[in-house]
Amino acid sequence: MHIRELSKLTGVSLRSLRYYEQKHLLSPARSENGYRIYEDIDVQRVQLIQLFLKLGVSTDEIALLIQNCEGLPGRNSNNSNNSNNSNNSNHQAECAAAFYEERLQEIREQIQLLREAELQLEKLVTHWK
């Protein structure tokens with residue numbers, strides 16, 4: 001699929017998709033005439049990028065996750081050595097799990113802070129009514 005179709009399917013602007021490529025979050029193939037060619041898996045990848053951005057993860061952090069952990073779906077390098085594939089898969093799983101656990105903990109901390117703020121605001125509203 002071309003970039004316009006990916007944009008329509010994901011609701012992400014052409015400019016943002018080009019920026020994701022610039023930041024190595026997406027790596028589309030190129031046709032002979034230079035057009036970007038995306039795969040179906042890129043739709044899911046863009047949706048995950050959008051989710052991470054909404055959660056406050058920077059594009060640099062997402063790029064590290066992709067480069068170090070392959071923690072997002074997409075093209076995998078083909079390595080013919082099964083032992084290396086297994087070791088690499090284990091490393092990727094550990095790396096991705098550590099990243100996701102850290103983000104989950106940060107979200108839980110934010111939720112706790114929001115609950116505390118909510119209680120304080122409820123007290124203020126009650127006081128001033």
Task: Non-hydrogen side-chain atoms of Ile37 and His2 separated by less than 4.5 Å - done: yes

Task: Pair Gln112-Glu116, side-chain donor/acceptor within less than 3.5 Å - done: yes

- [ ] Check the hydrophobic clustering (I, L, V, M, F, W, Y; side-chain heavy atoms under 4.5 Å; chains of links allowed) and say if Leu51 and Ile107 are grouped together.
- [x] yes

Open item on the list: Do Arg36 and Leu17 make a side-chain contact, defined as non-hydrogen atoms from C-beta onward lying under 4.5 Å apart?
Closed with: no

Open item on the list: Please check if the number of heavy atoms outside Arg15 that lie under 6.0 Å from its CZ is greater than 12.
Closed with: no

Task: Value rounded to 0.5 Å, distance of NZ in Lys23 from CD1 in Ile66 - done: 11.5 Å

- [ ] Measure from the side-chain N and O atoms of Thr126 to the backbone N and O of Glu122, and report whether any donor-acceptor pair falls under 3.5 Å.
- [x] yes

Task: Residue pairs passing the disulfide (SG to SG under 2.5 Å) test where at least one lies in residues 95-129, sequence neighbours excluded - done: Cys69-Cys95

Task: CG-NE2 distance between Leu121 and His127, expressed to the nearest 0.5 angstrom - done: 13.5 Å

Open item on the list: Can you give me the closest heavy-atom contact between Ile49 and Ile62, atom names plus distance?
Closed with: O-CD1, 4.0 Å

TODO: Just do the side-chain contact (heavy atoms from CB on, under 4.5 Å) check on Asp42 and Met1 with the steps written out, would you?
DONE: CA-CA 10 Å; Asp42 290 317; Met1 84 183 75; over 6 Å; no

Open item on the list: For the backbone of Leu25 and the side chain of Arg45, can you confirm whether one donor and one acceptor N or O come within less than 3.5 Å of each other?
Closed with: yes

- [ ] Scan residues 6-30 for pairs that pass ring pair (Phe, Tyr, Trp, His ring centres under 6.0 Å), counting only residues two or more places apart or in two chains.
- [x] none

Open item on the list: Is any side-chain heavy atom of Arg18 closer than 4.5 Å to one of Leu14?
Closed with: yes

Task: N-O pairing of Arg103 and Glu106 below 4.0 Å - done: yes

Open item on the list: For the CD atom of Glu5 and the OG1 atom of Thr10, what is their distance to the nearest 0.5 Å?
Closed with: 10.5 Å

Open item on the list: If you apply the rule side-chain contact (heavy atoms from CB on, under 4.5 Å), what do you find for Glu118 with Leu114, and how did you get there?
Closed with: CA-CA 6 Å; Glu118 179 184 35; Leu114 288 170; over 6 Å; no

Open item on the list: Would you call the rings of Tyr100 and Phe52 parallel, tilted or perpendicular, taking 30° and 60° as the class edges?
Closed with: parallel

Open item on the list: Could you measure the distance from the CD1 atom of Ile111 to the CZ atom of Arg108? Nearest 0.5 Å is fine.
Closed with: 8.0 Å

TODO: Any chance you could measure Gln44, atom CD, to Gln47, atom CD, to the nearest 0.5 Å?
DONE: 7.0 Å

- [ ] Report the distance from atom CZ of Arg4 to atom OH of Tyr35, rounding to the nearest 0.5 Å.
- [x] 10.0 Å

TODO: Give a yes-or-no answer on whether the side chains of Asp60 and Ser58 include a donor-acceptor pair shorter than 3.5 Å.
DONE: no

